[in-house]
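So that we are looking at the same thing, I have put the structure below in structure tokens.
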Amino acid sequence: MAYQLPPLPYALDALEPHINTMTMDCHYNGHHKAYVQNLNKALADYPDLQRKRPEELLISLDSIPQNIRTAVRNNGGGHVNHSFFWRIMAPNAGGKPTGKLYQDILSQFGSFEAFQEKFEATGLARFGSGWVWLVVNKEGKLEILSTPNQDNPLSDGNQPFFGCDVWEHAYYLKYQFRRGEWLKAFWNVVNWQAVEEFYSQAVAKNLSFCP
Ligand code: MN
């Protein structure tokens, strides 16, 4: 198989109580695994594409044969987004970033609290399933944006280095319809050290989320 489910960097119960064990189990062993399987299925007859990093597939979606493009967009996106998501979280995490990222957030949003407020509001405003992201945009500036479904900002030329899953499967078993509570709880599990590493990659336009 070309693509594989990456190991979860912590135990299924490690992010309790903010993300409960059943949510993590269904999300990782159910949803993420299915995205990987369906991406492999879509690319079964395309060995040249199988050799690409999954991020590359999303950067150049227009070059994917039309008959498999939607499957690659959805399942390649699902694979990349979740590989990224597991890595920007950790137990005993939270707090604030330091260094350049913190300074750049202050310059762009005024305060860390104003950034958090805008990030939560953008996640809440996504109708249906999708993601909220912090990206380096095409002008090289920090921008909060949201994408539907499993679309990744890489497909629009943006460089995502922080984000949150706002699909119902990410929070419904614990928070039910209260997406706002999920977005607030999420700050407790953010691994800012990992985010800062991805920020450097984003600035260099060299993001790598999947092993
Ligand atoms: Mn998800």
Side-chain angles (χ1 to χ4, degrees), residues 3-42 53-55 57-58 61 70-91 93 119-135 144-156 158 160-191 194-195 198 207-211:
Y3 300 109
Q4 287 179 3
L5 185 65
L8 196 65
Y10 33 74
L12 291 172
D13 64 356
L15 304 185
E16 290 266 13
H18 312 292
I19 300 180
N20 65 11
T21 307
M22 188 182 274
T23 300
M24 189 58 87
D25 190 15
C26 294
H27 205 170
Y28 173 72
N29 288 310
H31 294 282
H32 190 174
K33 189 175 175 186
Y35 295 128
V36 174
Q37 287 171 337
N38 289 327
L39 177 61
N40 284 330
K41 235 180 265 176
R53 292 191 307 118
E55 293 87 347
L57 298 172
L58 303 181
L61 271 181
T70 301
V72 170
R73 177 179 179 171
N74 291 340
N75 296 292
H79 177 36
V80 168
N81 295 347
H82 290 85
S83 299
F84 159 76
F85 190 51
W86 311 135
R87 291 177 65 185
I88 60 159
M89 298 192 290
F119 185 86
E120 289 175 31
T122 306
L124 268 175
R126 163 56 51 198
F127 186 77
S129 298
W131 291 72
V132 52
W133 306 93
L134 180 61
V135 306
I144 293 170
L145 55 84
S146 170
T147 57
N149 306 311
Q150 295 297 354
D151 288 359
N152 186 289
L154 284 169
S155 303
D156 291 324
N158 294 304
F161 62 93
F162 174 66
C164 185
D165 190 341
V166 296
W167 281 59
E168 287 182 346
H169 69 226
Y171 61 89
Y172 220 81
L173 291 172
K174 181 175 171 77
Y175 300 96
Q176 293 84 47
F177 56 91
R178 298 182 298 277
R179 185 188 287 180
E181 276 184 34
W182 155 235
L183 282 159
K184 283 201 187 302
F186 173 64
W187 299 114
N188 295 301
V189 294
V190 175
N191 178 354
V195 174
F198 284 135
L207 282 166
S208 179
F209 301 130
C210 301

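The figures here come from the full heavy-atom set of this structure, side chains too, leaving out hydrogens, waters and symmetry mates. For ligands, and for the atoms within them, numbers begin at 1 and follow the listed sequence.
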Legend entry - Pairs involving residues 174-183, ordered by first then second residue, that meet salt bridge (charged side-chain N to carboxylate O under 4.0 Å, His left out) (sequence neighbours left out): Arg178-Glu181
Legend entry - Whether His169 and His82 hold their rings parallel, tilted or perpendicular, with breakpoints at 30° and 60°: tilted
Legend entry - Under 3.5 Å side-chain donor-acceptor pair for His31 and Trp167: no
Inset, instruction - Using 2.8 Å as the cut-off, note every protein N, O or S atom close to the Mn ion (ligand 1). - result: His27 NE2, His82 NE2, Asp165 OD2, His169 NE2
Inset, instruction - Assess the pair Phe209 and Phe198: is the distance between their ring centroids shorter than 6.0 Å? - result: yes
Legend entry - Heavy-atom check, side chain of Asn38 versus side chain of Lys41, under 4.5 Å: yes
Legend entry - Side-chain (Gln150) to main-chain (Asn81) donor-acceptor, under 3.5 angstrom: no
